[in-house]
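See structure below.
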Amino acid sequence: MSGLAGRTIGEIQSLVASGKASAVEVCRAHLERARALEPRLKAFRALLEAEALGEAARVDRERAAGRPPGALAGVPIAVKDVLCVRGAPATCGSRILEHHVPIEDATCVARLRRAGAVILGKTNMDEFAMGSSTENSAFEKTANPWALDRVPGGSSGGSAAAVAARAVPAALGTDTGGSIRQPAAFCGIPGMKPTYGRVSRYGLVAFASSLDQAGPFGLTVEDVARVLQVIAGHDPLDSTSAPEGVPDYLAALRGGASGLRLGVPAEYFAAGMDKEIDASVRSALRIAERLGARLEEISLPHTGYAIPAYYIIATAEASSNLARYDGVRYGHRARGAQQLVPLYTRTRTEGFGAEVKRRIMLGTYVLSSGYYDAYYLKGQKVRTLIRRDFERAFEKVDVILTPTSPTPAFRFGEKADDPLAMYLSDIYTVTLNLAGLPGISIPCGLTRDRLPIGLQIVGRRFDEETVLRLAAALEAELKFHQHSPPLAGQP
Ligand code: GLN
């Protein structure tokens, strides 16, 4: 059967469940497409061909044996290389873990498998998820399927590019300060960061533990909801995963926009934002209004402190989390060191890239005695203020709408030498991680250069339902799926 790649999860699931296509045929079609695109796209760190075909054959055998097909039966899914997939390297985009092969699946990966999904491959990313362009990968530079000379965003750039180019219908990413939503915006697909604690972090290699969260990319909001449904929920293996019950996200999609109160924060439409993005997001706001939602201007007064607070807290946590890569316990070990301290130093000097080293140094500095109160403690206080800004706003509104990123996808190298410029691309996304809130980016238009523009919808803690509900309503009006990237049309 031809034409199996490029379909949505719902289509694939029903083809496989009804026997109109086998999971193996679906898997082959996506592997072929991924392989054909890879020389230009470079989205994958590894394609797990044999394993995926074996998994797909198992799905087919179960169906033949009359067992009920899972919610993701035969659906190929790509997984960011920071999440553990049993038996496959989890490099995290780093030389230091180049040959690290986990012996277990991350909980979210295990849940995908249990639902019948087929793990097709591991996707490229910024080293240890530090970055906004995937240029910090120690291995290759992933291209944006809309313009091959531009970045796909990051740090989950490989996952976003793979979905946008139709190599897979869905993928998992992780988001510490925007790493799902920003690449989703740059690649013109929906991508969601759930509430902190909604999805287990077990098997997610830690960058900043109080901010990290895994979540889905899909071609449609419905597909994002389908994957979230499977990966969400409490996990005894992650003490920060939340006991909250998981509602029916597909049912939530039918709610429509009517009656919703939408907050529009003045601080997110400030100077410095690209004009085309401003216009496109505002036109989406008018559509929401036409659908019966009420817009309300709100203020999130501490927004301006979010980037500094994030880059203090995230680097502090990273410096502590990354201490484990010492050449003794995990991954790369420098050759020839005769003593312990030189072994540590050489291993880390060889194994980490420039951005990771910068963050370890920043984080070590803000935690060191004498500076702790001035930086880390201040950062934590600002974090509380930012969370309260949102709490106050959510007394008046149900969801908040903002642009996802101040610019569309930029060119390779454009920000690579200027860490501060790179950090500022997270200006609209880091606040949600600091406050632990759920958010989705959906494509809302194209620039004149045909680059996608993302709209961010933010919800109350654990209210992914309302976020998805509005996202689905807007998606139906925006009809962005009529556009697809030039690469999606090519074999
Ligand atoms: N770009 C941000 C950073 O570099 C966010 C990364 C992320 O969400 N993993 O820290």
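Every value quoted in this text rests on a predicted model; they were computed, and no experiment measured them. In listed order, ligands and their atoms are each counted from 1.
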Would one find an N or O of [X], backbone or side chain, under 3.5 Å from an N or O of ligand 1?
| X | answer |
| --- | --- |
| T176 | yes |
| M130 | no |
| D175 | no |
| K80 | no |
| F207 | no |
| G154 | no |

Exam field: side chain T123 to backbone A43, donor-acceptor pair closer than 3.5 Å: no
Expected output: side-chain T384 to main-chain Q380 donor-acceptor under 3.5 Å: yes
Aromatic plane relationship, F394 with F390 - under 30° parallel, 30 to 60° tilted, over 60° perpendicular: parallel
Pair F128 and F207, ring centroids less than 6.0 Å apart: no
Lys NZ or Arg CZ of R150 over F412 ring: under 6.0 Å, within 45°: no
Shortest protein contact, atom 6 (C) of ligand 1 (heavy atom only): S179 OG, 2.8 Å
